[in-house]
There are 2 protein chains.
Amino acid sequence: MLNLKPVKLLPVREQAAASLREAIITQNIKQGETLTLESTAKALGISVTPVREAFQILARDGLIELAQNRGAVVLGMTPENIREHYQIRAALEAEACRLVCENGADLGEIERCVRHLVSSGSENYGELNQSFHYNIWLASGNSRLSRMLSELWNGLSMGLRTTRDEYAKKSQAEHEGILGMLRARDPEGASALMRKHILRSMEDMLTRYE
Amino acid sequence: MLNLKPVKLLPVREQAAASLREAIITQNIKQGETLTLESTAKALGISVTPVREAFQILARDGLIELAQNRGAVVLGMTPENIREHYQIRAALEAEACRLVCENGADLGEIERCVRHLVSSGSENYGELNQSFHYNIWLASGNSRLSRMLSELWNGLSMGLRTTRDEYAKKSQAEHEGILGMLRARDPEGASALMRKHILRSMEDMLTRYE
DNA sequence: ATAAGTGAAATTGTATCCATTATACCCCGC
DNA sequence: GCGGGGTATAATGGATACAATTTCACTTAT
């Protein structure tokens, strides 16, 4: 069967959410600002109903807070926020590693990401890094876990394209360590390493946003 | 300051979601059924706008699935569903235990739950059990983690009031074990026990829904 | 019998309208 | 001048109606 990109677009509420998400993460919309339904609807060129739904989505993602009868205030990257975010990610990604070890999933895609990252330097690190994590989520066999992690990623992690070389190198080494544990099918080891990996990048992030 | 219940009620969309949630969990609405906006709005005595949002909430909770242009189909308690749910809970609750140990939070409320559960037998087990877990989430100091676990609980765990004595006894013993580890401020021990506790109740659940 | 065409029913998005509520402003008394 | 209270304004939350799109089932034609 042909493998073509579907013509049908995502529902408008999703597109609206995506647009707002990008604007918030790139700080195009600044922290503390409050978004009104009507003005954002106008800015997006749509009506308010899907905007309302988009607000729900963003609130779930932790990017905005819906104040009673007062609209959506954009949440920033407070240290507290970052810490909470990464602690949750650490727990879930560690669990994903554990599950991968236990269900003996194929590691092909994951290995490809690591190799690719080695060969291509830290140039398009961001993309490959996400790919690495994403494929672990998939391999966990827990679709809901995978969904939750995607949402978390959208909520914050994606916002910070780390381009610093030193970081990329350190991270790459850790990826290789995790892959090794996954190959050895060692649940405890793999999850522990992943935990450490994520908590370390949390510390990295905290030094920049405090 | 006086501690009174706020007069203001929850938004209608939340009430609608709660009502539907209960109906689904008690199997008042059967698995596989599809809900239409208008009929559920009529049944709830509200208009379709909040129902639409309630559907989003329930979809996020994993109780229904929103098919493109085709409505909301009620998801059942498939073994796969249960497994995914409990694996995630295990990871997050274990993390909560770890955090409680690390931040040295006060264990007063948690201890009260355990003591209360001992004295009152397995009569109102369900409520006290939830209280025990809930207070651990709170003590973790991670508000977002707490919210996510509440949502998960609403999504499935709450549905199955375990009244079987043997289960309550086993569970109670495990609670005491976890509390012991929390008192000792042993992150690894506490999180490992909590993990086991939840995965065991998963097995328990699976024997009933397979 | 298979494939296309048709139509009913539902969601999705649009457009308003009303009620409730939160906030800011102003005025008044002290 | 300062604080408290009332009022005005603006935005949400929800209701209602409607257009557009999509899905699915049923029918029909080859």
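Order of the sequence lines fixes the chain letters, A, B, ..., with proteins taken first and strands second; residue numbering starts at 1 for each chain. Only a predicted model underlies this, so the values are computations on that prediction, with no experimental measurement involved.
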Handout entry: All side chain to side chain contact (heavy atoms under 4.5 Å, CB included) counterparts of A/Arg147, not counting sequence neighbours
Key = A/Arg144
Exercise for the section: Mind checking side chain to side chain contact (heavy atoms under 4.5 Å, CB included) for B/Ala190 and listing every partner two or more places apart, or none if nothing turns up? Expected result: B/Cys97, B/Cys101, B/Met181, B/Leu182
Problem - Residue B/Val12, side-chain atoms from C-beta onward, closest of C/dT21, C/dT12, D/dG14 - result: D/dG14
Practice task
Quickly work out the B/Leu37 CG to D/dC18 P distance and round it to whole Å.
Solution key: 18 Å
Completion exercise
Taken in chain and number order and not counting sequence neighbours, the residues that satisfy salt bridge (Lys or Arg N to Asp or Glu O under 4.0 Å) with B/Arg83 are B/Glu80
Handout entry: Short side-chain N/O contact from A/Arg70 to OP1 or OP2 of C/dT21, under 4.0 Å
Key = no
Exercise for the section: Not counting sequence neighbours, which residues clear salt bridge (Lys or Arg N to Asp or Glu O under 4.0 Å) with A/Arg112? List them please. Expected result: A/Glu109
Handout entry: Nucleotide C/dT11, atom P - distance to CD of B/Gln56 in whole Å
Key = 13 Å
Problem - Nucleotide D/dG13, atom C1' - distance to CD of B/Gln15 in whole Å - result: 12 Å
Pairs under 3.5 angstrom, nitrogen or oxygen only, protein versus nucleotides 5-8 of chain C, please.
none

Handout entry: Test side-chain hydrogen bond (donor to acceptor under 3.5 Å, both in side chains) applied to B/Glu93 - qualifying residues, sequence neighbours left out
Key = B/Arg89, B/His133, B/Trp137
Problem - For atom CZ of B/Arg13 and atom C1' of D/dG14, their distance in whole Å - result: 10 Å
Exercise for the section: Mind calculating the distance between CG (A/Asn69) and C1' (C/dT21) to the nearest angstrom? Expected result: 5 Å
Handout entry: Non-neighbouring partners of B/Asp106 that pass side chain to side chain contact (heavy atoms under 4.5 Å, CB included), sequence neighbours left out
Key = none
Problem - Stretch residues 40-55 of chain A: residues that reach within less than 4.0 Å of DNA chain C through a heavy atom - result: A/Ile46, A/Ser47, A/Thr49, A/Pro50
Problem - Modelled atom types, side-chain donor and acceptor of B/Ser143 and B/Ser146, under 3.5 Å - result: no
Practice task
Report the residues that fulfil side chain to side chain contact (heavy atoms under 4.5 Å, CB included) with A/Glu102, sequence neighbours left out, ordered by chain and then residue number.
Solution key: A/Arg98, A/Leu99, A/Pro187
Exercise for the section: Output yes when a side-chain donor or acceptor of A/Glu33 lies under 3.5 Å from a complementary backbone atom of A/Lys30, and no otherwise. Expected result: yes
Exercise for the section: Find the distance A/Leu66:CG to C/dA22:P and express it as a whole number of Å. Expected result: 14 Å
Handout entry: Nearest-angstrom distance from the residue atom CD1 of B/Ile64 to P of C/dA10
Key = 16 Å
